[in-house]
Engineer: 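I'd like to ask you about the structure that follows.
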Amino acid sequence: MFFEKLYNKNKDHLFSFIRRSVQDESTALDLLQDTFLNFFKHYSGKELPDEQVSRMILFRISRNLMINHGKSYYQKNVALVGEETSSLFSSKGQGPESQVLDEMEAQNLGKIVGELLNTLPEEQKTAIELRYSQGCKLEEIASVLDLSVSGVSRLLERAEKQLLQEGKKRGIQPSSFLKS
């Protein structure tokens, strides 16, 4: 019963965390399934940690699986992709066209933010996603990344600084995305 409750409570957050990193829904679903299978295999017949600790363990497992997947994917498919950002600053019209343009701009903005995040080292990217996408506290991120709270704080500061610098190179200001 605990496993079912744990799965139902965490599957959506874990899936969105994984999905942002792998950019492919079927791979994200596979990694989500592997995350829970690894957790269940490890704790079958053992004393289970409480819900909060279990959540952090699940995020740590999924992070490790994403790193492993990323390494194997990178070795198979090395590609350089450049994105033109000028459409981000196009003028908006009035009426239904502006809604379509807004949606297209939001999608493009999401792509740009994803590209900016992909410039970060894996640990910084994970910290940023846990902090701003999942709303995790510094203590929770510290548990997932196996760092001290102050270490996580410094890691986030470095990541935010790097995002700002990379954004400036591309003509955008990621600081507006970091404020939650």
Engineer: For the backbone of E122 and the side chain of T126, can you confirm whether one donor and one acceptor N or O come within less than 3.5 Å of each other?
Structural biologist: yes
Engineer: Test your reading of the model: is there a side-chain donor-acceptor pair from S62 to the backbone of T35, 3.5 Å cut-off?
Structural biologist: no
Engineer: Considering only heavy atoms from C-beta outward, does the side chain of E140 approach that of L130 to under 4.5 Å?
Structural biologist: no
Engineer: Under a 4.5 Å cut-off applied to non-hydrogen side-chain atoms, are F39 and L6 in contact?
Structural biologist: yes
Engineer: Grouping I, L, V, M, F, W and Y whenever their side-chain heavy atoms are under 4.5 Å apart, do Y43 and L37 come out in a common cluster?
Structural biologist: no
Engineer: Answer whether the closest heavy-atom distance between the side chains of I141 and F59 falls below 4.5 Å.
Structural biologist: no
Engineer: Per the side-chain contact (heavy atoms from CB on, under 4.5 Å) rule, which among R20, R63, Q124 passes with E129?
Structural biologist: R20
Engineer: Would you say the side chain of L145 lies within less than 4.5 Å of the side chain of L155, judging by non-hydrogen atoms?
Structural biologist: yes
Engineer: If we only count heavy atoms from C-beta on, is the L29 to R19 side-chain gap below 4.5 Å?
Structural biologist: no
Engineer: Which residues satisfy the side chain to side chain donor-acceptor pair (under 3.5 Å) test with E51, sequence neighbours excluded?
Structural biologist: K5, K9
Engineer: Going by side chain to side chain donor-acceptor pair (under 3.5 Å), name the residues that satisfy it together with T119, two or more places apart in sequence or in a different chain.
Structural biologist: none
Engineer: Check whether any side-chain heavy atom of S21 sits under 4.5 Å from a side-chain heavy atom of K125, and report yes or no.
Structural biologist: yes
Engineer: Should K41 and F36 count as side-chain neighbours, where that means a heavy-atom distance under 4.5 Å?
Structural biologist: no
Engineer: At their closest point, which heavy atom of L138 faces which heavy atom of S153, and how far apart are they?
Structural biologist: CD1-CB, 4.5 Å
Engineer: Does either side chain, that of S16 or that of Q134, offer a donor lying less than 3.5 Å from an acceptor on the other one?
Structural biologist: yes
Engineer: With heavy-atom distances below 4.5 Å as the criterion, would you say the side chains of H13 and R55 are in contact?
Structural biologist: yes
Engineer: Indicate the atoms forming the closest heavy-atom contact of G167 with L116, along with that distance.
Structural biologist: N-CD2, 3.8 Å
